Amino acid sequence: MPTRSEIRFLLNDKEVRLSDFSPSLTLLDYLRLERGLCGTKESCNEGDCGACTILVGKLYQGKLIYESINACIRFIGSLDLCHIVTIEYLKSASGKLHAVQQAIVDYHGSQCGFCTPGIIMSLYALLLQKPNANKQDIEMALQGNLCRCTGYVPIINAALSISKKGGLVSDILLEQQKEIAQKLSNMSDGSRVEIINAMGEFIIPKGIDDLVLLLEQKPKATLLAGSSDIGLWVNKHFKNISPVIFIANIATLKQIERGEDNLIIGAAVTYSEAQEIIVNHYPQLKGFWTQIGGNQIRNMGTIGGNIANGSPIGDMAPPLIALGAVLNLRKGKTIRKILVEDFYIAYNKQDLRQGEFIQSIEIPPIKANEIFEVHKVSKRKEEDISTVCAAFKIEIKGNLITQIVLAYGGMAAKPTRAKRAEKLLLDNELNEEIIEKSVQALLQDFTPINDVRATAQYRMLVAQNLLRKFLVEQSS
Amino acid sequence: MNKQVKHDSAIKHVTGEAVYIDDMVEPKGTLHAYLGLSDIAHGEIIRLDLSEVKAAKGVICVLTSKDIIGANDVSPMGLFDDPIFPEKTVEFHGQPIFAVVASTRAEAKKAARLAKVAYKKLTPKLDIVDALEEGGEQVAYSLLLERNNVESEIEKAANRLDGSMVIGGQDHFYLEGHITLAIPSEEDEMTIYSSTQHPSEVQHMVAHALDVNNNNIVVKNRRVGGAFGGKETQGNLFAVVAALAAKKTNRAVKIRPDREDDMIATGKRHDFLIDYDVAFEDDGTIRAMDANFAARCGFSADLSGPVTDRALFHADNCYYYPNVRLKSQPLKTNTVSNTAFRGFGGPQGMVLAERVIEEIAYKLKKDPLEIRKKNFYGTNERNITPYHQIIKDNIIVRLVDELEESANYQQRRKEIIAFNKTSKYIRKGIALTPVKFGISFTATWYNQAGALIHIYQDGTILLNHGGIEMGQGLYTKVAQIVADGFGVDLSEVKVSATSTDKVPNTSPTAASSGADLNGMAALNAVNKIKQRLVDFVIKTYDCDAGEISFSNNQVNIGEKKISFVKLIKQAYMARVQLSDTGFYKTPDIHWDREKGKGNPFFYYAYGAAISQVSIDLLSGQSHVERVDILHDVGNSLNEALDIGQIEGGFVQGMGWLTSEELAWDEEGKLWTFSPSTYKIPLASDIPKIFNIKLANWSKNPANSIKRSKAVGEPPLMLAISVLEAISMAVASVADYNICPRLNTPATPENILMSVERIRDEMQD
């Protein structure tokens, strides 16, 4: 089997082939320390502030698309067959500023200037995708970019000044689209990529069968997709992640299928890629979806990764539990199906066996007589981790509750259903008394903890308030 | 002057070409230092085993307290209470106890975690309550501000209420963290590139630590990526460690902590516990105010003395207290040493003033704005502050009246009260709060500045001054003043990096003073050179001084015009000195801390804001719907930059009072050490409607630079209106009968718990 022993990518206008790198070398360190491209800044080194935002162009379903990502938690190996665009690429050879740069200057959108390159890249990504972006789009595009000086007003106005004129008129990436797509496609040879050197191993399987094969040989390998979590293992905990198997290029894992009823989402589909179809099928998740991380994280992070890493405050678990989603776990040729709810065993412990991986997530549809709701409460409304997350699904026939799932995150060591409250409600009619009883039952269902985000008391109060309101609304 | 001039680095910012210290080309063989931090809050180091650290890949050497050549101290007050590395006693969780130097930063960072430290643990005092219970040891002396007779007035008062308030701290969260690059040279010389607001202090600290004279150390800085007070003293330690490592290895050494270490190991805004007792008339007029300001200062004094002083200086905000007693209590705790932060204690004092107003209003069932107005300082009477300074420039009444009118406060308040009557889950609130902020360092000697101006033979100008460019546009404003002085285009003036060998004995760029002080010093240098040019013109062209003026890149001599460039060339050939220094010291200020009396402030900056918010009664989440601001910058030097300071300051203040919550665990370890747990405002958090106007009728009666007013800090305190508006929304659940007594930050949790509490109180 032919293997390739280098990764290939475009860095601004240069074609790069690289084999002598550590599997944990971040794109940010590569840019700043090895390429001297210091326009991209390091501030938090954990994907939360956006100072290191750059654009990554990739061929997705035959089209070249550019997305903003955080360079600080992206590993260089994951950039195979991508176009990396940094702030240095924007100014023309003749010294003319790019429209986004000029607008920031015109509107006094920089003060200390440290967040500015990252902000420009985020706005650039937005305007490439949405030339007519409105204020809300701009705010959303900036969810992952912190600015401590300006109060954001001039930055938002600068972006609006472009979108109001219909977007980017002449732009280097738009002009070169065909050429770049061709170059990226030429780099691709369909073979497995194996970088094996003294610093470790970084392997990109050529397809799902190759992944299965690799996992048989290296069952303890780190499966890497979006790196929104694994990036922190390296940057903050110095974890040795080698050997790494990078799975985000595997077509099977990127598939989104409509089954007979179910929606089947490949484990390596990112939040951004899934957004449209998810919101179409589950409109109740619209507001929730854009409360998950910031844009950069949604462009990187995968739904499979969020589940596999099993955080008790992971965003995806409560809604998926409420919807009755099932995971397809793959090992060798066999697929094991398990409810998302059963996948979580205890704190940071999941029912995932060695060498097994999540291949896809199947989500059942919402039936006509079912009501589904999801709420995420956090200290800051956006780009924050849940204090409490609640996902409720209820089916009422006649006056009777025939089905109910009350799934909570942030209330226990793992995402958990409020079984006592559910039991009280099931097969009953909604009335004031039963509502209050089930709200009180949460006290038995959960013993939340005090932590950095909130006290146990607050968590319980919010969990109860959300449930009470939901039930009251269903009863009227 | 053009009031829309862009930031001098704007183009470099947007292209990524602006060079911050970490972007500089490193000297050959540069090494990297990283700090090892303690993992207990209080205790004695019994054994510091660094053998694994030394053995780690890439490690060159380690530094401990034993490797310090000179003084083991970075106390900005010269108190020797702030060791570089403690010799024995660890005083807070995360205190630097050693440094490791390695070939790469990654190697140093990894090695730093390999230390084995054995401690004898001591009981830590982690917060204000602990500190008070343990005897209330202080890091600095209390300040007492007193006028007339508080006790007897409170005793005989018609109305009296007392209470207490917790006001949270704040992390600076500058986007560029601390960093130093130290480059050794021959003999004792060393050049230090430091991300600091106070290069002269860094110079002194490095000289002390290396035991060399000040004249060997040059500290430079072109720009810092945000500071907000966090780089006034907190850069000292990093600079000194880099310098010691550079000395030891004779190589350039760079040090840059990761974000979490920066947040753990450097000081923050002080949190306060304030007890108050107030007496007032039936109409809400305050008779007497008695308050004690206990602050968590951390393990050392740092700037806690002056910070807690300034809390007292602003505990009156815009209100006249006929009888008053204010006392500070700067408490020692086993936490990181708290430091300067935009407003420097003033915001905490002001929050208290507004809390007291609110208390009176709810007690008397009146709109808090009515109580505010009742208590405003007068212009000819009722104009003495608790520190006995007479306010001579009061414009608060006009500001508030104009804003109240233009933002339609009364009508909106009525609508909100009506809305709240029927809304089940969402409640709204509106509040107008004023700001009066005293301008000048209360350390009177800091109110001086120097500048250096060269004109070269091609007519271009090089400007240097003692101020630091940290985003506020100081370099731009001072360059504007110089260009205006010589009547040339701004593009002819270049500002060079701040450097202690160009302008010595600089003051920190702090206390909003940057443009006031450095602008005046630069103007002084301009005037000295100009005078020589004028003398030269008189002699050469046989004219009177009155006929000479500088404008449009020309020198006008009666009817005759010659270009500025040409004049400079002629002056050079005639051996006229084309370079000079400038100096400025603020007049008319004095302060006697012992007596609590004086005129510490040259003038006051004023402002007012109206905020409208909504809160969700299910989760406590809040939302700022609209803000209207009218702010006084005197005769603005640059409106674009000033508006930027107002917007940015407001949002930073809003963050402080809402989402930015600092938390420590039971062991005293900072819990909120990264942006994933410490939440500063996002673009989507800013007010949905945000109207800002400058009070363009205001001129500074004090002889400040072009009659402008300082703008760095005052706008932060406009955000107190958000807190007060949230408070009103909460109060609606008890029909405005109970003051919610919201502590800050008003997080969703604090809001929801206040809602619950006053609902319960109402039922009782």
Side-chain angles (χ1 to χ4, degrees), chain A residues 38-46 48-49 51 86-88 90-91 97 101 104-105 108 110-117 120 138-140 142-143 145-156 236 238 377 379-385 387 452-455 457-458 461-462 465-466 469, chain B residues 6-7 9-20 22-23 110 113 173-177 223-226 228 258-260 425 470-473 618-619 621 640-641 644 647-648 650-652 659 661 663 671-672 674-677 679-680 682-686 690 747-749 752-753 756:
Chain A
C38 291
T40 307
K41 306 300 179 196
E42 179 186 322
S43 181
C44 77
N45 206 21
E46 61 171 59
D48 244 319
C49 78
T86 70
I87 189 77
E88 285 86 358
L90 268 61
K91 193 170 81 173
L97 295 184
Q101 294 175 316
I104 292 288
V105 171
H108 309 278
S110 71
Q111 284 185 26
C112 86
F114 205 81
C115 72
T116 310
I120 287 173
I138 294 164
E139 287 174 359
M140 207 175 288
L142 293 175
Q143 278 174 336
N145 290 85
L146 300 177
C147 169
R148 193 54 153 167
C149 296
T150 64
Y152 305 98
V153 178
I155 295 168
I156 294 169
K236 303 297 173 182
F238 311 139
V377 174
K379 203 178 283 179
R380 188 173 65 194
K381 275 164 286 185
E382 293 174 356
E383 210 229 9
D384 198 355
I385 293 164
T387 305
V452 61
R453 294 188 175 83
T455 62
Q457 195 192 1
Y458 173 74
L461 191 56
V462 171
N465 282 349
L466 293 173
K469 176 172 181 255
Chain B
K6 298 184 194 331
H7 194 288
S9 291
I11 289 172
K12 288 177 273 187
H13 290 155
V14 300
T15 55
E17 290 162 7
V19 176
Y20 301 81
D22 202 32
D23 306 334
K110 268 188 198 168
R113 293 208 192 166
F173 213 89
Y174 28 64
L175 266 280
E176 178 208 35
R223 61 174 63 77
V224 304
F228 318 111
D258 244 30
R259 173 61 58 179
E260 64 264 41
Y425 298 118
M470 45 198 176
Q472 81 281 45
L618 298 172
S619 65
Q621 287 174 305
L641 295 177
E647 285 165 344
F650 182 89
V651 171
Q652 198 172 73
S659 62
E661 185 172 40
W671 236 345
T672 46
S674 77
S676 65
T677 45
K679 310 312 277 187
I680 72 168
L682 295 179
S684 50
D685 292 318
I686 69 169
F690 202 178
T747 56
E749 171 156 3
L752 191 61
M753 292 310 180
E756 293 293 306

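Residue numbers start from 1 in every chain, and the chains themselves are labelled A, B, ... in the order their sequence lines are given, proteins ahead of strands. What you see is a predicted model; the values in this text were computed from it and never measured. Computation of the quantities below employed the complete heavy-atom set of this structure, encompassing side-chain atoms and omitting hydrogens, waters and symmetry-equivalent molecules.
Atom-to-atom distance recorded for B:Lys679:NZ and A:Asp48:CG is 5.0 Å, nearest 0.5 angstrom. Here CD1 of A:Ile87 is found 7.5 Å from OG1 of B:Thr15. Values are rounded to the nearest 0.5 Å. Separating the CG atom in B:Leu175 from the CG atom in A:Leu146 is a distance of 6.5 Å, to the nearest 0.5 Å.
Cation-pi contact between A:Lys469 and B:Tyr425: present, with separation from the ring centre below 6.0 Å and deviation from the ring axis of at most 45°.
Ranked by heavy-atom pairs under 4.5 Å with chain A, the first of B:Leu618, B:Asp258, B:Leu641, B:Ile11 is B:Leu618. Interface summary for chain A: among B:Thr747, B:Ile686, B:Val224, B:Val19, the most heavy-atom pairs under 4.5 angstrom belong to B:Ile686. Per-residue counts of heavy-atom pairs under 4.5 Å with chain A were compared for B:Glu661, B:Gln472, B:Lys12; the largest is that of B:Glu661. Considering only heavy-atom pairs separated by less than 4.5 Å from chain B, the leading option among A:Gly39, A:Cys44, A:Pro117 is A:Cys44. The residue among A:Lys91, A:Glu383, A:His108 with the most heavy atom pairs within less than 4.5 Å of chain B is A:His108. Across B:Glu749, B:Arg223, B:Glu756, the residue that shares the most heavy-atom pairs under 4.5 angstrom with chain A is B:Glu749. Between chain B and the residues A:Arg148, A:Glu139, A:Met140, the most heavy-atom pairs under 4.5 angstrom are made by A:Arg148. Among A:Leu466, A:Leu142, A:Ile155, A:Leu97, the residue making the largest number of heavy-atom pairs under 4.5 Å with chain B is A:Leu97. The most heavy-atom pairs under 4.5 Å with chain A, out of B:His7, B:Glu17, B:Gln621, come from B:Gln621. Highest contact tally toward chain B, considering only A:Ile138, A:Ile156, A:Asn145, A:Asp384, is held by A:Asp384 [criterion: heavy-atom pairs under 4.5 Å]. Comparing B:Ala640, B:Ala10, B:Gly471 by how many heavy-atom pairs each has under 4.5 Å with chain A, the most go to B:Gly471.
Between the side chain of A:Glu46 and the backbone N or O of B:Ser674 there is no donor-acceptor pair closer than 3.5 Å. Remark: the backbone N or O of B:Val14 is paired with a side-chain donor or acceptor of A:Gln101 at under 3.5 angstrom. Side-chain atoms of B:Arg259 come within 3.5 Å of backbone N or O of A:Ser43 as a donor-acceptor pair.
A ring-ring contact (aromatic ring centres under 6.0 Å, His included) with A:Phe114 is found for exactly one of B:Tyr174, B:Tyr20, B:Phe173, namely B:Tyr20. The only option from A:Gln143, A:Arg380, A:Glu382 that meets the side-chain hydrogen bond (donor to acceptor under 3.5 Å, both in side chains) definition with B:Ser684 turns out to be A:Glu382.
Taking a 6.0 Å sphere around NZ of B:Lys110, one finds it holds 12 or fewer heavy atoms contributed by other residues, nucleotides or ligands.
For A:Glu88, the salt bridge (charged side-chain N to carboxylate O under 4.0 Å, His left out) criterion is met by no residue, not counting sequence neighbours. Residues that satisfy the salt bridge (charged side-chain N to carboxylate O under 4.0 Å, His left out) test with B:Glu647, not counting sequence neighbours, are absent from this structure.
No salt bridge links B:Asp22 with A:Lys41; every basic N to acidic carboxylate O contact stays at or beyond 4.0 Å.
Shortest non-hydrogen contact noted between A:Cys149 and B:Phe228 is SG-CZ, 3.7 Å.
Interface remark: B:Met753 contributes side-chain atoms only to the contact with chain A (heavy atom separation under 4.5 Å). Of the two parts of A:Thr40, neither the backbone nor the side chain holds a non-hydrogen atom closer than 4.5 Å to a non-hydrogen atom of chain B.
At least one side-chain heavy atom of B:Thr672 sits under 4.5 Å from a side-chain heavy atom of A:Val452.
Counted by atom type alone, A:Ser110 and B:His13 present one or more donor-acceptor pairs between their side chains at under 3.5 Å.
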